[in-house]
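As C-alpha cells, the structure follows; a few thoughts come after it.
For the numbers below, each heavy atom of this structure counts, side chains included, while hydrogens, waters and symmetry mates do not.
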Amino acid sequence: MPAFLSKHSSILIIDDDINLIRMLSEILKDFGRILFANSGEMGLEVARQQKPSLILLDVAMTPMDGYEVCRRLRDDEVTRNIAIIFVTANTGMDSEIACLDAGAVDFICKPLNPLVVQARVRTHLRLIHDSASLELLAQRDALTGLYNRGYFDKAIDVEFKRLQRHQLPLGIALVDIDHFKNYNDTYGHIAGDIALRAVAEALQLATKRPGELVARYGGEEFVVLLPQVDASVLAQYGQLICDAVRALQIPHQASSCAAHITISVGLSIEIPHAESSPKDCIERADRALYHAKESGRNRYHIFSDS
Ligand code: GH3
Ligand code: MG
C-alpha cells in the first residue's frame, strides 16, 4: 500500500444524509481512518479536534450549507490548511466555480461513482502527503538530518514567547567542533562530513528531554534549545555532550587539545523578558563559547555577566 494511503491519513465526511455517509465510508474504507459528522456544526467541531487529512463536504445541507462550513474552516487557523472536496448534486459550471472559489481543492458529483470518488481522493491524499514530505525536508539539514538553521530560528522565536508568557527559563547551547579545519586538512573533507554526522548523532542522542531541539547552526556549529532548565541541569547537559563526543573516539591527530575529536560548548540561560530577544540569548551563548575556546577548548562554559 502506498505511504499516503495509510492509517495516518484520516478523511472526514460531512453530510446530513446518513446513507451518503455510509456509502462514502464504504468506498473509502481502505484509504485511512474515516470520521463523519451529520451537520455543518458537528463537522467544524470534529475538524478542529481531529485535524483530518481531507474533508468531503456536502454542499446542500441545512441549516448551515457546505459553502458556509468551508468559509468557517478557512477562517480558523487550526483547520485552514485542511484540503476540502465538495460533494454536490449540482453539476453546472456555476456550481463548479462556486465550489473552487469557496476554497475547495476539488468537487465530486452525485450520484456517486465509487471509482471516480476513489481516484479523486487518492490523488489529493498523494498531493497532501507529498507536500507534507517537502515541508519536512525543508526543515532539515541535508548532511546531518538535524533541523536546519531556518527551522531553529522559527522554533526559538516561538519558545522565547511561550517561556516569556510563563516566566520560565530558556537555555541555549552553542556547540562548535574543535580544530575542525585541521581535521579536514588532515583527513579530508569526506572524513570531515562523516565526523560531522557522528557528532550530530551523538548530540541528538544526548538530548532527550521533551521540548529540546538540536539543530545544525552552520558549518561545524550546532545549537540546542533547552526550555525550562535550571543552571545545574544546564551544566550537566554541557558536560554530558562534551563526554558524548569524546566517547566517539574519532582520532584527530591535528588537534591541540586531545587525540580525538572534541567540542567546545557555550551555554546561556535566562527567563525571557520584554527587553531581551532570542538573538540576545544566542549572543550570550556565543560569548560563553568564545570563553570555552579561549580557556583551552574541549569544555563547556556558562555565560555570566562578569
Ligand atoms: P576552532 O577550534 O577555533 O573552532 O577551529 P576550527 O578549525 O574548528 O574553526 P574554523 O572556523 O577555522 O574552521 C571550521 C571548519 O569547518 C572549516 C570548514 O571547512 C569546516 N566545515 C564547515 N562545514 C563543513 C562541512 O559541511 N563538511 C566538512 N567536512 N567541513 C566543514
Ligand atoms: Mg570549530
Just so I know, are the side chains of Ile34 and Ile21 near enough to count as touching, which here means a heavy-atom distance under 4.5 Å?
no
Mind checking whether Leu127 and Leu100 sit in one hydrophobic cluster, side chains of I, L, V, M, F, W, Y counted as touching below 4.5 Å?
no
Do Pro169 and Glu270 have side chains that approach each other closer than 4.5 Å (heavy atoms only, starting at C-beta)?
no
Is there a side-chain contact between Ile177 and Val245 (heavy atoms, below 4.5 Å)?
no
So Asp130 and Arg126, salt bridge (charged side-chain N to carboxylate O under 4.0 Å, His left out) or not? Walk me through it.
CA-CA 6 Å; Asp130 289 352; Arg126 188 191 303 117; 5.6 Å; no
Go through Leu213 and Ile156 one step at a time and tell me if the side chain to side chain contact (heavy atoms under 4.5 Å, CB included) criterion holds.
CA-CA 9 Å; Leu213 184 154; Ile156 192 175; over 6 Å; no
Start with the C-alpha gap between Leu168 and Ile271, add the side-chain angles, then the distance that decides, and say whether side chain to side chain contact (heavy atoms under 4.5 Å, CB included) holds.
CA-CA 5 Å; Leu168 291 165; Ile271 297 176; over 6 Å; no
Calculate, to the nearest 0.5 Å, the distance between atoms CG and CZ belonging to Asp141 and Arg216 respectively.
4.5 Å
By side-chain contact (heavy atoms from CB on, under 4.5 Å), His252 pairs with (sequence neighbours left out) His179, Asn182, Tyr183, Tyr187, Ala254, Ser255, Ile261
Taking all non-hydrogen atoms of both residues into account, name the closest pair between Cys257 and Gly296 and its distance.
CB-O, 3.6 Å
Where do Ala258 and Asn298 come nearest, in terms of heavy atoms and distance?
CB-ND2, 4.4 Å
Decide side chain to side chain contact (heavy atoms under 4.5 Å, CB included) for Thr79 and Leu44; before the verdict, give the C-alpha distance in whole Å, the side-chain angles of both, and the deciding distance to 0.1 Å.
CA-CA 9 Å; Thr79 55; Leu44 291 170; 6.0 Å; no
I want to check something: taking the side chain as every heavy atom from C-beta on, are Ile241 and Ile263 in contact at a cut-off of under 4.5 Å?
yes
Are the side chain of Ser276 and the backbone N or O of Pro272 linked by a donor-acceptor pair below 3.5 Å?
no
Can you give me the closest heavy-atom contact between Leu234 and Gly171, atom names plus distance?
CD1-CA, 4.3 Å
Do Val265 and Val224 belong to the same hydrophobic cluster, where Ile, Leu, Val, Met, Phe, Trp and Tyr are linked whenever their side-chain heavy atoms lie under 4.5 Å apart, directly or via other members?
yes
Testing the basics here: between Leu248 and Ala202, what is the closest heavy-atom pair and its distance to 0.1 Å?
CD1-CB, 4.0 Å
Taken to the nearest 0.5 Å, the spacing of Ile85 CD1 from Asp106 CG works out to 5.5 Å
Side-chain (Gln167) to main-chain (Gln164) donor-acceptor, under 3.5 angstrom
yes
Residue set satisfying salt bridge (Lys or Arg N to Asp or Glu O under 4.0 Å) with Asp176, at least two apart, ordered chain then number -> Lys293
Sequence-distant partners of Arg72, side chain to side chain donor-acceptor pair (under 3.5 Å), two or more places apart
Glu68
Heavy atoms from other residues, nucleotides or ligands near CD of Gln249 exceed 12 (cutoff 6.0 Å)
yes
Check the side chains of Gln253 and Thr186 for a donor-acceptor pair under 3.5 angstrom, ignoring hydrogens and angles.
no
Phe222 to Ala200 - nearest heavy-atom pair and separation
CE2-CB, 3.9 Å
Rounded to the nearest 0.5 Å, how far apart are CD1 of Ile108 and CG of Asp58?
11.5 Å
Would the number of heavy atoms belonging to other residues, nucleotides or ligands and lying under 6.0 Å from NE2 of His260 be above 12?
yes
The criterion is side chain to side chain donor-acceptor pair (under 3.5 Å); which residues satisfy it with Glu159, sequence neighbours excluded?
Arg162
Tell me whether Ile302 is reachable from Val223 by hopping between hydrophobic residues (I, L, V, M, F, W, Y) whose side-chain heavy atoms are closer than 4.5 Å.
no
I'd like to know if Ile27 and Ile18 are part of one continuous hydrophobic network [Ile/Leu/Val/Met/Phe/Trp/Tyr, side-chain heavy atoms within less than 4.5 Å].
yes
Just by modelled atom types, is the Leu143 backbone N or O under 3.5 Å from a matching donor or acceptor in the Arg197 side chain?
yes
Give a yes or no answer on whether the side chain of Asp16 reaches the backbone of Met61 with a donor-acceptor pair at less than 3.5 Å.
no
With a 3.5 Å distance limit and no angle check, can you tell me whether Lys51 reaches the backbone of Arg48 through a side-chain donor-acceptor pair?
no
At what distance, to the nearest 0.5 angstrom, does CD1 of Ile55 lie from CG of Leu57?
7.0 Å
Value for CD1 (Ile82) from CG (Asp76), rounded to nearest 0.5 Å, stands at 8.5 Å
Pair Asp286-Tyr290, side chain to side chain contact (heavy atoms under 4.5 Å, CB included): steps then yes or no:
CA-CA 6 Å; Asp286 197 31; Tyr290 180 79; 5.9 Å; no
Counting C-beta onward and ignoring hydrogens, is there a side-chain heavy-atom pair between Gln118 and Leu115 closer than 4.5 Å?
yes
From Leu12 atom CG to Met42 atom CE, the distance as rounded to the nearest 0.5 Å:
9.0 Å
Residues 35-82 vs ring pair (Phe, Tyr, Trp, His ring centres under 6.0 Å), sequence neighbours excluded, gives Tyr67-Phe86
Examine distances only and state if a side-chain atom of Arg74 and a backbone atom of Gly103 form a donor-acceptor pair shorter than 3.5 Å.
yes
Electrostatic pair Lys161-Asp157, nearest N-O below 4.0 angstrom:
no
Less than 4.5 Å apart, any side-chain heavy atom of Ile172 and any of Phe303?
no
Establish, yes or no, whether the cationic atom of Arg140 lies under 6.0 Å from the six-membered ring centre of Tyr147 and within 45° of the ring axis.
yes
Heavy-atom pair of closest approach, residues Cys70 and Ala102:
SG-O, 3.1 Å
Near Ile190 CD1, under 6.0 Å, is it more than 12 heavy atoms from other residues, nucleotides or ligands?
no
Answer whether the closest heavy-atom distance between the side chains of Asp15 and Leu56 falls below 4.5 Å.
no
Could you walk me through whether Arg71 and Asp75 pass the salt bridge (charged side-chain N to carboxylate O under 4.0 Å, His left out) test, one step at a time?
CA-CA 6 Å; Arg71 197 182 59 71; Asp75 282 348; 3.1 Å; yes
What about Leu28 and Leu35, same hydrophobic cluster or not, with Ile/Leu/Val/Met/Phe/Trp/Tyr joined at side-chain heavy-atom distances under 4.5 Å?
no
Would you find a donor on one side and an acceptor on the other, under 3.5 Å apart, between the side chain of Arg287 and the backbone of Ala285?
no
Working note: Gln228 + Arg209, criterion side chain to side chain donor-acceptor pair (under 3.5 Å); need CA distance, chi angles, decisive distance, verdict.
CA-CA 10 Å; Gln228 289 171 246; Arg209 292 164 68 242; over 6 Å; no
Taking atom CD of Glu221 as the centre, does the number of heavy atoms from other residues, nucleotides or ligands within less than 6.0 Å exceed 12?
yes
For the pair Arg284 and Asp280, find out whether any cationic side-chain nitrogen is under 4.0 Å from an anionic carboxylate oxygen.
no
For Gln239, the side-chain contact (heavy atoms from CB on, under 4.5 Å) test, sequence neighbours excluded, returns Asp243, Arg246, Tyr300
Are the side chains of Tyr237 and Val229 in contact, using a 4.5 Å heavy-atom criterion?
no
